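In what follows, every heavy atom counts, from backbone to side chain, and hydrogens, waters and symmetry copies are set aside. Read the numbers this way: they start at 1 and go in the same order the structure lists the ligands and their atoms. Worth saying up front: this structure is predicted, and the values here are computed from it rather than measured.
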Amino acid sequence: MRVDVVTVFPEYLAPLGLSLLGRAQRLGLLAVHVHDLRGWAPDRHRTVDDTPAGGGAGMVMLPEPWGRALDAVLVGEGPDGAVGERPPAAGPTAPLLLVPSPSGTPLTQAWAHELAAEPRLVLACGRYEGIDERVLDDAASRYRVEPFSLGDYVLNGGEVAALALVEAVGRLLPGVVGNPASLEEESHEQGLLEHPVYTRPARWRGLDVPAVLSSGHHAEVARWRREQGLRRTARRRPDLLRALLDADPTALSADD
Ligand SMILES: Nc1ncccc1[N+](=O)[O-]
């Protein structure tokens, strides 16, 4: 998978070179290209923002640098490369342009799995009050455009969300995590939260590992883990439980 990230803070994306994703890049499973938006700002001050139309506080990112950047990234040109001919209109095989935004579609594990099947993702990280909307309208002629959100809170820009998305998607790529089985038991994989986990020692500060986990009865351990996951989901995320039951009223039946 190739991932292009356009940002005014390229150094913010440095952590993608660490740990599992760094190894994935060295193995050629993932290629991350980070581009500095200021490279496409037409003026010598490399201006990327201006005051909001209609007034209001803060600044909005100018369309021209973004238009140039997204044209160039699409055809693989750098800031100084002559921008090639615009590709044909966006179709199902057009690259996906993901735009971190508090007003985006919530990123979920199910969506992350879909994104992991894409050959290429382009991430446009906005700052300030956001990007001039015409950038997304114009990009729709040659990208599939999908604003996404990590959650209902506001960050100062899209870079943290880009890091999160690339990690959530990158770790699902074949060969990235050592043991693919470890991906199955995680929270949200079956629409529920994961059960609590324990390791050695058996007693720690007067607290014991639940006896069932040392019983050697695999069926009992599996049952206990599922029950604990359901309890945790009911307590912390009743919305997930409701969604699961709406989708399949028998989802929590005891005999499965
Ligand atoms: N929550 C956010 N705030 C600012 C930019 C992006 C965001 N997000 O969740 O993708």
One finds that the ligand 1 atoms under 4.0 Å from a non-hydrogen atom of Gly151 are 1 (N), 9 (O)
Check this for me, if you would: do Glu64 and Arg68 make a salt bridge, where the nitrogen-to-carboxylate-oxygen distance has to be below 4.0 angstrom?
yes
**Asked** Looking at Arg120 and Asp4, does any basic side-chain N land under 4.0 Å from a carboxylate oxygen?
**Response** yes
Quick note on ligand 1: atoms under 4.0 Å from a heavy atom of Phe148 include exactly 10 (O)
Closest to atom 3 (N) of ligand 1 among protein heavy atoms sits Leu155 N, 2.8 Å
Could you tell me if Ser215 and Glu220 have a donor-acceptor pair between their side chains, going purely by distance under 3.5 Å?
no
among protein heavy atoms, the one nearest atom 6 (C) of ligand 1 is Ser101 N, 3.6 Å
min-distance protein heavy atom vs atom 9 (O) of ligand 1 -> Leu150 N, 2.7 Å
Looking only at protein heavy atoms, what sits closest to atom 5 (C) of ligand 1 is Gly157 O, 3.5 Å
Got a salt bridge between Glu118 and Arg144, using NZ or NE/NH1/NH2 to carboxylate O under 4.0 Å? yes
Nearest heavy-atom approach of Thr47 to Ala41 is O-CB, 3.4 Å
Between Gln109 and the options Gln190, His188, Glu189, the side chain to side chain donor-acceptor pair (under 3.5 Å) test singles out Glu189
Honestly, for Ser149 the part within reach of ligand 1 (heavy atoms, under 4.0 Å) is both
Taking only non-hydrogen atoms of Val154 and a 4.0 Å limit, the atoms of ligand 1 in range are 3 (N)
min-distance protein heavy atom vs atom 1 (N) of ligand 1 -> Tyr153 O, 2.7 Å
d(Glu114 CD, Glu146 CD) to nearest 0.5 Å is 9.5 Å
